[in-house]
2 protein chains.
Amino acid sequence: MTNVSHILRKTGHRLTKQRQQILRALTCRPQSVEEIKSALLSQRIAIDTTTIYRTLDCLVKLGIVAKTRFNEHNAKYELLGKTHHHHLVCTTCSAVKDIPLDDDFLMKKVKKLTNFHVQSHTLEFFGLCKHCQ
Amino acid sequence: MTNVSHILRKTGHRLTKQRQQILRALTCRPQSVEEIKSALLSQRIAIDTTTIYRTLDCLVKLGIVAKTRFNEHNAKYELLGKTHHHHLVCTTCSAVKDIPLDDDFLMKKVKKLTNFHVQSHTLEFFGLCKHCQ
DNA sequence: TGACTTATTGCAACTGATTTGCAATAATTC
DNA sequence: GAATTATTGCAAATCAGTTGCAATAAGTCA
Ligand SMILES: [Mn+2]
Ligand SMILES: [Mn+2]
Ligand SMILES: [Zn+2]
Ligand SMILES: [Zn+2]
């Protein structure tokens, strides 16, 4: 957190009340803008949707947050935690579960097979969660 | 192609002129609805956007087409070819390249680690293509 | 072939997600 | 505290995708 505020300052951004609160609302689980907004509202913190979008865009650019689209119409955002991980997305109830997977294997293979310079990747599994199957 | 028309008929769908042409426009490379529409237009085939959406939805449900979202605002659709593969997406020029990768390894690991019933997955690599690095 | 049934099309209107413009506000700098 | 300027909130705009509906055409069957 203090780390994040440092990054913000260093890049000429300001650590506003809103940004602090949005950062606090972020989790390692992907959330939509509306989910973040109502999570904040339930704590009586009202922040405009536009501000949430702009803050998230900013955090994505700084590499603090990841933006992902599971095959839904809206994007989801999650705090980039320490450990790299992937997701299990339930096609029935939309629940998302983190799953750590060692994918060095694949990354090396891509590097060997192509001349593409990989910067990041996403790996999502779609199916039925324990509850829905 | 004849195979596809068979699937359509068998499921109570009709093989319209529009569907045939949309199917012809589909490639193994993911394309947006607008891209499909202008590809058709360049052959003087004018099909309404709504029709393209509805046709693609239908083909996705029948397992003939895959819908994917790279971190863009719009979805992309590609014909499900014979071989399972993944994508290299250039973050500069947006070019998409297919890459075949054996991921049985990962699938088995997920099955072993969780009680999630995996139906499908997407694996996308983002970075710089040969031309853009 | 020709009538019949009903899936599909095209167009217009609509919804939901995200973006943009701008004046008011507040975080940093000095 | 005053000055500078990034950020906010609100309204309006844009963009992707969906829905309703009357007109059309694909498939069926006599
Ligand atoms: Mn996660
Ligand atoms: Mn492909
Ligand atoms: Zn579920
Ligand atoms: Zn490129």
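Not measured: the values here are computed from a predicted model. Excluded from the calculations below are hydrogen atoms, water molecules and symmetry mates; all remaining heavy atoms, backbone and side chain alike, are included.
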Pair T11(B), H13(B): side-chain N/O donor-acceptor within cut-off below 3.5 Å
yes
Contact list for DNA chain C against residues 61-75 of chain B - heavy-atom distance below 4.0 Å:
H73(B)
What about R14(A): does its side chain form a donor-acceptor pair under 3.5 Å with the base of dT5(D)?
yes
Measure across [X] and [Y] and return the closest heavy-atom pair with its distance rounded to 0.1 Å.
X	Y	answer
V89(B)	F116(A)	O-CZ, 3.3 Å
Q31(A)	A25(A)	NE2-O, 3.1 Å
T122(B)	E124(B)	CB-OE1, 3.8 Å

Short heteroatom pairs, N/O only, protein and nucleotides 10-13 of chain C, under 3.5 Å:
{"unit_1": "dG10(C)", "atom_1": "OP1", "unit_2": "Q18(B)", "atom_2": "NE2", "d": "3.4"}
{"unit_1": "dG10(C)", "atom_1": "OP2", "unit_2": "D48(B)", "atom_2": "N", "d": "3.4"}
{"unit_1": "dG10(C)", "atom_1": "OP2", "unit_2": "T51(B)", "atom_2": "OG1", "d": "2.6"}
{"unit_1": "dG10(C)", "atom_1": "N7", "unit_2": "R54(B)", "atom_2": "NH2", "d": "3.0"}
{"unit_1": "dG10(C)", "atom_1": "O6", "unit_2": "R54(B)", "atom_2": "NH2", "d": "2.7"}

Do any side-chain atoms of residues 40-53 of chain B form donor-acceptor pairs under 3.5 angstrom with protein atoms, and if so which ones, sequence neighbours left out?
{"unit_1": "S42(B)", "atom_1": "OG", "unit_2": "A39(B)", "atom_2": "O", "d": "2.7"}
{"unit_1": "D48(B)", "atom_1": "OD2", "unit_2": "T50(B)", "atom_2": "N", "d": "2.9"}
{"unit_1": "D48(B)", "atom_1": "OD2", "unit_2": "T50(B)", "atom_2": "OG1", "d": "3.0"}
{"unit_1": "T49(B)", "atom_1": "OG1", "unit_2": "K37(B)", "atom_2": "NZ", "d": "2.8"}

Where each residue is assigned the nucleotide of DNA chain D containing its nearest heavy atom, which of K17(B) and Y77(B) is assigned the position nearer the 5′ end?
Y77(B)
Counting only N and O atoms by type, is there a donor-acceptor contact under 3.5 Å from the side chain of S32(A) to the main-chain atoms of K76(A)?
no
Report for the helix from dT1(C)-dA30(D) to dC30(C)-dG1(D): angle between first-end and last-end helix axes, five pairs each, rounded to 10 degrees.
40°
Using residues 99-107 of chain B as the side-chain source, report each donor-acceptor pair under 3.5 Å to any protein atom, sequence neighbours left out, with the distance given to one decimal.
{"unit_1": "D102(B)", "atom_1": "OD1", "unit_2": "D104(B)", "atom_2": "N", "d": "3.3"}
{"unit_1": "D103(B)", "atom_1": "OD2", "unit_2": "H84(B)", "atom_2": "NE2", "d": "3.2"}
{"unit_1": "D103(B)", "atom_1": "OD2", "unit_2": "H86(B)", "atom_2": "NE2", "d": "2.7"}
{"unit_1": "D103(B)", "atom_1": "OD2", "unit_2": "H121(B)", "atom_2": "NE2", "d": "2.8"}

Would you mind telling me which of dT8(D), dT9(C), dT19(C) lies closest to the side-chain atoms of R19(B)?
dT9(C)
On the nucleotide dT19(C), are OP1 or OP2 found under 4.0 Å from the side-chain N or O atoms that Y53(A) carries?
no
Which pairs of donor and acceptor atoms, one on a side chain in residues 57-69 of chain A, lie under 3.5 Å apart (sequence neighbours left out)?
{"unit_1": "R69(A)", "atom_1": "NE", "unit_2": "E72(B)", "atom_2": "O", "d": "2.9"}
{"unit_1": "R69(A)", "atom_1": "NH1", "unit_2": "H73(A)", "atom_2": "O", "d": "3.4"}

